[in-house]
Amino acid sequence: MFTQGHLTRGQGHDPRRMLFAVLDISTTGYEPARGDRIHEVAVVRMRGDGTVVDEYSTLVNPQRPVPYDEHSEITDTQVGRAPAFDRVAGDLLAYLSDAVVVAHNLDHEDRFLDSELRRLGIRATDVPGLCTLRLMRTQLDTFPYKGRHLYRLMTGDWPAWNSNALANARQRAHMLRTVIDQSPVPLSWTGPDHTALPAVARTGVIAPHIVGLRKGEEGWLANLVASLPDMNPSPRPNPQGAAAYRSMLGHALADGKIVGEEAHQLAELATGAGFTQATIRQVHEQVLLEARSRAEADGVVTTAELRELEKAAKALGEGHAIQDLLHIARKEKERRNGPLKGWRIVPVGESAAISAVVEHAVVQGATIGVNVSKTVRLVVAEEEADPKVQQALQAGHQVVTPAQAWEVLKAASYRADRSLFEDGESAQVAARMNAEREERAAEGQQPWQACWRPRELTEREYHREFVAPHAARDRVARQAVPQRQAASRQAVPRQAVKQQKGGGCAGAALLFMATGTAATVAASGVWPF
């Protein structure tokens with residue numbers, strides 16, 4: 001299906017101006033010839049400069065059991081509710097069309113996609129492809145070349161342990177952008193041009209797979225939304241599934257917080273509804289706006305109602321829907337707790353200068369009095385003959401002109417805002433140190449660049465280092481496959497298969513050894529390094 005091109009240090013096209021479709025699939029095994037099928041697929045379409053254009057992700061019903069995988073935790077029940085490959089083929093081909101298809105071990109994706117499309121009578125050939133496994137081996141001298149380890153090398157962080165195909169595609173896209181943008185030697189594309197893939201009817205049906213759900217700093221729902229594909233345009237969600245999600249969301253928000261069990265239930269319903277980031281946010285916004293309408297129905301939003309709306313907005317990540325209400329409440333709170341909190345000021349007169357001082361004091365948290373009492377902190381006046389001024393002077397209160405009042409209030413605000421540990425220069429010192437650190441980081445070499453080969457491997461060198469050492473082993477394994485497959489049909493007890501489907505490590509190991517999966521992997525040439 002794919003004709004591989006290369007990112008090379010030689011002459012070619014500027015990859016930053018090209019469109020890439022970063023692909024990741026999950027399969028029930030390693031060999032489509034033995035009936036293994038795709039059960040999850042994801043695509044991130046991006047330009048070479050790192051701009052993500054579109055995303056696509058869905059579970060696929062492989063119509064056979066899926067193996068246990070501690071990284072993705074996909075169950076037979078989940079894929080059983082997902083669309084089969086014939087219902088997603090049109091959308092998948094559209095997302096791969098007119099771009100260079102990128103995968104980490106492209107041969108694996110090639111064999112499975114070709115097998116699935118042949119089942120539907122579809123032939124796609126000469127599609128430009130880029131194998132990042134081969135790219136990294138050719139340009140970097142490191143080990144191992146697994147995606148997780150390369151991501152760690154290039155970012156300094158391990159990817160999340162639980163992941164789905166979309167998370168893997170996003171990681172590959174980030175790695176590709178980093179190599180193109182930060183390689184010590186500019187890379188160029190040499191290979192076939194973009195081509196349009198066969199046009200197949202599109203259904204828009206998706207069942208996104210959400211894994212690794214956690215509360216984090218931004219909350220359960222923010223993590224849920226981030227796990228969904230950012231598709232543009234988004235397909236319509238399933239109406240029944242969307243209604244069920246809304247009902248569950250209302251139940252979860254009723255007590256003002258979302259707990260882990262509720263978040264996982266919402267994630268399951270989001271998969272069934274076929275939500276994308278855009279469509280689920282529309283539901284979240286609509287739920288919040290409806291709650292706001294109920295709060296405003298009597299003409300007054302009480303403090304309790306505003307607090308409930310604020311909690312819901314934070315959980316939903318939709319603060320903009322009540323931003324005006326929160327702004328008014330925040331300003332009122334800031335006013336009450338301003339730097340002049342506790343100051344009671346009595347203005348004597350109604351001149352423009354006095355009014356300006358009073359307005360400023362109120363904004364900063366002061367209260368305005370009429371009578372000169374014991375709690376007065378400041379009297380602002382322009383005429384000393386006024387009886388209130390004389391009363392204030394006799395009581396020992398501070399009496400000032402409007403111009404003097406500005407200086408007094410300014411000094412009071414400064415004292416209230418200043419930290420007990422502020423020495424007047426700490427902010428400047430901190431800013432200078434941050435700038436120096438950023439400058440050193442900009443000048444320094446990235447850790448992965450230290451693994452950059454002095455020159456890229458030639459085809460012969462690549463074959464000698466990564467292909468030839470495994471040739472003899474592969475021949476032996478290929479010869480052993482038929483015998484192992486025959487033995488497995490007789491030797492594997494049903495309870496072992498059941499144990500493996502249940503996720504037990506012992507069952508998985510038994511099935512692995514009995515069916516000769518290792519030999520099949522070797523025969524197919526799909527090795528995870």
Side-chain angles (χ1 to χ4, degrees), residues 21-28 37-46 52-63 66 72-97 99 101 109 112-113 116-117 120 122 162-170 173 197 199-213 221 223-246 248-249 264-284:
V22 185
L23 170 69
D24 188 81
I25 64 174
S26 298
T27 61
T28 61
R37 304 286 301 275
I38 294 174
H39 63 75
E40 186 182 12
V41 61
V43 179
V44 174
R45 287 174 68 87
M46 60 169 282
V52 174
V53 178
D54 210 346
E55 293 181 341
Y56 173 77
S57 177
T58 184
L59 290 171
V60 180
N61 187 345
Q63 300 176 336
V66 296
S72 62
E73 300 178 353
I74 297 177
T75 66
D76 291 337
T77 301
Q78 288 174 317
V79 297
R81 299 170 181 166
F85 189 84
D86 61 340
R87 298 196 67 197
V88 306
D91 294 297
L92 177 59
L93 288 173
Y95 276 88
L96 298 179
S97 186
V101 179
E109 274 75 1
F112 272 92
L113 284 179
E116 294 285 2
L117 293 174
L120 304 177
I122 301 172
N162 288 343
S163 62
N164 54 14
L166 179 58
N168 292 336
R170 287 171 174 171
L197 294 179
V200 180
R202 302 179 62 175
T203 65
V205 178
I206 60 171
H209 181 214
I210 300 170
V211 298
L213 200 61
L221 292 184
N223 183 254
L224 188 158
V225 172
S227 296
L228 297 172
D230 188 8
M231 297 176 64
N232 182 31
S234 292
R236 289 179 175 273
N238 176 279
Q240 292 78 17
Y245 179 88
R246 284 197 53 167
M248 181 63 203
L249 181 61
H264 283 86
Q265 291 171 333
L266 288 169
E268 183 177 348
L269 293 172
T271 296
F275 280 135
T276 66
Q277 289 189 12
T279 53
I280 198 171
R281 283 176 175 148
Q282 290 173 1
V283 171
H284 290 176

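- When the shell of 6.0 Å around CD of Q265 is examined, it contains more than 12 heavy atoms from other residues, nucleotides or ligands.
- Between V88 and Y56 there is a side-chain heavy-atom pair separated by less than 4.5 Å.
- Side-chain N or O atoms of D76 include one that pairs as donor or acceptor with a backbone N or O of V66 at under 3.5 Å.
- Applying side chain to side chain contact (heavy atoms under 4.5 Å, CB included) to D91 and the options T58, T203, L96 leaves one that passes, T203.
- Every residue two or more places apart in sequence or in another chain that forms a side-chain hydrogen bond (donor to acceptor under 3.5 Å, both in side chains) with E116 is listed here: R37.
- Under the 3.5 Å distance criterion, the side-chain polar atoms of H39 are matched with a main-chain donor or acceptor of T27.
- The main-chain N or O of H209 is found under 3.5 Å from a side-chain atom of N164 such that the two form a donor-acceptor pair.
- When the side-chain contact (heavy atoms from CB on, under 4.5 Å) test is applied to D230, the partners found at least two apart in sequence or on another chain are E55, Q277.
- Taking every heavy atom of both residues into account, N238 and G272 meet most closely at CB-O, 3.9 Å.
- A donor-acceptor pair under 3.5 Å links the side-chain atoms of D54 to the main chain of N232, judged by distance alone.
- Note that the CG atom of L113 and the CZ atom of F85 stand 6.0 Å from one another [nearest 0.5 Å].
- Taking CD1 of I25 as the start and CZ of F112 as the end, the distance is 6.5 Å to the nearest 0.5 Å.
- Residue E109 holds its CD atom at 6.0 Å from CG of D24, rounded to the nearest 0.5 Å.
- Between L269 and A244, the shortest heavy-atom contact is CD1-O, 3.7 Å.
- For the atom pair CG (L266) and CD1 (I280), the distance works out to 8.0 Å, reported to the nearest 0.5 Å.
- With sequence neighbours excluded, no residue satisfies side-chain hydrogen bond (donor to acceptor under 3.5 Å, both in side chains) with R45.
- Between S57 and L166, the shortest heavy-atom distance links the atoms OG-CB, 3.7 Å.
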Check your understanding: Do E40 and Q78 pass the side chain to side chain contact (heavy atoms under 4.5 Å, CB included) test, and can you show the C-alpha distance, the side-chain angles, and the key distance before you say yes or no?
Key -> CA-CA 11 Å; E40 186 182 12; Q78 288 174 317; over 6 Å; no

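- R236 pairs by the side-chain hydrogen bond (donor to acceptor under 3.5 Å, both in side chains) definition with nothing, not counting sequence neighbours.
- To the nearest 0.5 Å, atom CD1 of residue I74 and atom OG1 of residue T28 are 11.0 Å apart.
- S97 is linked by a side-chain hydrogen bond (donor to acceptor under 3.5 Å, both in side chains) to nothing, counting only residues two or more places apart in sequence or in another chain.
- Shown here is R202, whose CZ atom has more than 12 heavy atoms of other residues, nucleotides or ligands within 6.0 Å.
- Take Y245 and apply the ring pair (Phe, Tyr, Trp, His ring centres under 6.0 Å) test, not counting sequence neighbours, and it matches F275, H284.
- Residue I210 comes nearest to A267 through the heavy atom pair CD1-O, 3.7 Å, listed as atom of the first residue, atom of the second, then distance.
- Residues P208 and P229 have side chains in contact (heavy-atom distance under 4.5 Å, counting atoms from C-beta outward).
- Between the CG atom of L228 and the OG1 atom of T271 there is a distance of 7.5 Å, given to the nearest 0.5 Å.
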